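Chain identifiers are assigned alphabetically (A, B, ...) following the order of the sequence lines, protein sequences preceding nucleic acid strands; residue numbering begins at 1 within each chain. Since we're looking at a predicted model, the values are computed, not measured.
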Number of protein chains: 2
Amino acid sequence: MQGVQGVCERDPQKTIAERLQQRFDELTRAERQLAGSLLENYPVSGLSSITAVAAQAGVSTPTVVRMVQKLGFRGFPEFQAELRRELGERISNPIDKHDTWAAKAPDQHILNRFTEAVIGNIRQTLAQVDTASFDAVADLLADTAHGVHVVGGRITRALADYLFLHMQVVRPGVSLIQSLANAWPHDLLNMAPGDVLVVFDVRRYENATLKLAEMARGQGARIVLFTDQWGSPVAAHADHVLSCRIAVPSAWDSNVVLMLLLETVLAAVQERTWAQTRERMERLESMFDKTRLFRKFT
Amino acid sequence: MQGVQGVCERDPQKTIAERLQQRFDELTRAERQLAGSLLENYPVSGLSSITAVAAQAGVSTPTVVRMVQKLGFRGFPEFQAELRRELGERISNPIDKHDTWAAKAPDQHILNRFTEAVIGNIRQTLAQVDTASFDAVADLLADTAHGVHVVGGRITRALADYLFLHMQVVRPGVSLIQSLANAWPHDLLNMAPGDVLVVFDVRRYENATLKLAEMARGQGARIVLFTDQWGSPVAAHADHVLSCRIAVPSAWDSNVVLMLLLETVLAAVQERTWAQTRERMERLESMFDKTRLFRKFT
DNA sequence: CCGGTGTTGAAGAAATTATTTCAGAACCGG
DNA sequence: CCGGTTCTGAAATAATTTCTTCAACACCGG
């Protein structure tokens, strides 16, 4: 990973295009021809090889070298690196001008860096999510003709738990397969053909989870997988895969996007089953009232 | 007279980004890693030399060659040329407005509505988060001089679990107080003055949680509260409160923002304790290696 | 636990790109 | 038209990049 080096000595403010225009009259005839060609379809025209750039402008390669050196670069590769850097800024900035999230904190505060990364993850995840798969998953989970089983791994256990909790409210026939337990065979016993197994599996992918998925599949279960963008080996056995971006500035991966997708699925399922769900929720509320576990207000 | 030749014959197919996403599951592990890196800040990341691209993605150059060939290119230069062509088109008509999140789905699809709401929640939460409190919380949790106890409610149990899991890796002296259990008095026994109790409490606020917080406070524990914007009654006893927006188009509230804040705190704590954390993580990894619970790759 | 299969990257060969050199072309003022 | 100066690109050279080979490795199924 080299490349983004030594950018400090020359005017970091002006773009290459600006510099070309500004110093246009210092250039020689062949160089002007080249500059014109570069500006013609800036900056893409400068991103191919020096050979192609020269040919495109109708000048020789030494002319190209001489001109970029006049602009203050050590050589063509350095010039091109700067061009790419500019392009990167130009591409990413117009899309999102929201630089800081916690306005009171500096840009470099972890709150802003982390949130920035997560928002990026959300963008990318949503951009490539397969809507048809999403809808299919919601349909599957809303269908009370079949049972739903949920399983997570070491890290994703919390998510599995969360899904289980809410699904229990939405509909009957939901079970949580305890992670780390050796009770899997028993859970498999209860898995009928057509049942849906929701699997959470992110790095590092767990052998036990894979095994369970395979066996469930063998029993005729349909498998829905929530995973990260690398794709867990369970994907090979899954009917539907929902994959998320999880990279953040931390020693771990982020499960925020997974949670977002999960909640969205829940919302979609709830929409589909609202008639039953409403009635179930009312009964649940009334039970809570009787137990006085919760405060009525505040 | 030169230059603008032979641009039309190449399949008017899909962009490279689309092809990468579409055929993602045909790719091998290293190739997926590469594809991810390429999409990360597309297409700029693909425009440097094959060496740099490979290094950036953390794979070898042969992997790059193999993948672009899988995509139907004769070699890397040809792939790059296509990337430049695409870029040229994209630059010339900069109608790159970002209205919806899942571009393939209609605006009114739950994916877009829900995500829109969550992003709004993130904005509002971050805008009003108290950075000083946040930093103080990170400091408290990073301080190994005192123990940390974590407790959640019916819904937030999953989050408490998640925090506990990661804090366990970061530092010693972390305990999870089982929700719904009647064992609280025992947990209180283990709570020394100066210890930190992290409480999760969102609507509907739980009486038992409040009780626990009060008693812990009475024993000299310091209390950190994660809650929603309405503020749980625990706030009155808490030293630091981190509150989140949680409204979404669903019958429930969203815990995505809570999760985001939680992970950010974890990242901040990890930054502060990196010296010990690193060593602990390495030991953990080595134990995992020995158990073969996880796959080495893929 | 053990070969078979597919994936991976180190290393080196081949191809291409970038730089330097230098002879001649173009210009310029006289 | 000429001597001096600057500019230019062909060609040689240097540096890099790209591609290929192959042994090591992980995973899989028995």
Atom-pair distance (CD on A/Q80; C1' on D/dT17), nearest Å: 12 Å
Under 3.5 Å donor-acceptor pairs involving side-chain atoms of residues 34-43 of chain B, not counting sequence neighbours:
from	atom 1	to	atom 2	distance (Å)
B/N41	OD1	B/S45	N	3.3
B/Y42	OH	B/A17	N	3.2
B/Y42	OH	B/E86	OE1	2.3

Atom pairs and distances, side-chain donor-acceptor, residues 193-201 of chain A, under 3.5 Å, sequence neighbours left out:
from	atom 1	to	atom 2	distance (Å)
A/D195	OD1	A/G147	N	2.9
A/D195	OD2	A/H149	NE2	2.9
A/D195	OD2	A/A192	N	3.1
A/D201	OD1	A/E206	N	3.4
A/D201	OD2	A/S232	OG	3.1

Residue pairs fulfilling salt bridge (Lys or Arg N to Asp or Glu O under 4.0 Å) with at least one residue in residues 51-66 of chain B, sequence neighbours excluded: none
Partner set under salt bridge (charged side-chain N to carboxylate O under 4.0 Å, His left out) for A/R113, not counting sequence neighbours: B/E271
Flag side-chain contact, heavy atom, 4.5 Å: A/V137 against A/F134: no
Sugar-phosphate, base or nothing in reach of A/Q69, heavy atoms under 4.0 Å: sugar-phosphate
Whole angstrom value for the distance that separates P of C/dC28 from CZ of A/R29: 12 Å
Donor-acceptor contact present, side-chain A/Q128 to main-chain B/Q22, <3.5 Å: no
Nearest-angstrom distance from the residue atom NZ of A/K70 to C1' of D/dC7: 9 Å
With sequence neighbours excluded, residues passing ring pair (Phe, Tyr, Trp, His ring centres under 6.0 Å) with B/F164: none
Listed once per pair and sorted, the ring-ring contact (aromatic ring centres under 6.0 Å, His included) pairs that draw on residues 239-265 of chain A, sequence neighbours left out: A/W252-B/H166
Spacing of B/R32 atom CZ relative to C/dT7 atom C1', expressed in whole Å: 13 Å
Side-chain donor/acceptor of B/R280 to backbone N/O of B/R171, under 3.5 Å: yes
Upstream residue (5' side of DNA chain D) when B/V65 and A/E214 are each assigned their closest nucleotide: B/V65
Euclidean distance, atom CD of residue A/Q33 to atom P of D/dT8 [Å, nearest integer]: 9 Å
Integer-rounded Å distance: D/dT20 C1' and B/M67 CE: 18 Å
Within-4.5 Å side-chain heavy-atom neighbours: A/V265 and A/F226: yes
Presence of salt bridge, B/E82 and B/R85, under 4.0 angstrom: yes
Any donor-acceptor N/O pair, A/R245 side chain to A/I122 backbone, under 3.5 Å: no
Output a table of nitrogen or oxygen pairs between the protein and nucleotides 2-6 of chain C separated by less than 3.5 Å.
none

Touch class at under 4.0 angstrom, heavy-atom based, for B/T63 against every strand present: sugar-phosphate
Separation of D/dC19 P from B/E78 CD (nearest whole Å): 10 Å
For B/E31, all residues meeting salt bridge (charged side-chain N to carboxylate O under 4.0 Å, His left out), sequence neighbours excluded: B/K70
Report each atom pair, protein N/O against N/O of nucleotides 21-24 of chain D, whose distance is under 3.5 angstrom.
none

Net bend of the helix from C/dC1-D/dG30 to C/dG30-D/dC1, end axes of five pairs each, nearest 10 degrees: 40°
All pairs passing salt bridge (Lys or Arg N to Asp or Glu O under 4.0 Å) where residues 45-54 of chain A contributes a residue, at least two apart: none
Under 3.5 Å, which protein N or O atoms sit close to an N or O of nucleotides 15-17 of chain C? Give each pair with its distance.
none

Side chain of A/A30 (C-beta onward), nearest among C/dT20, C/dG9, D/dG9: D/dG9
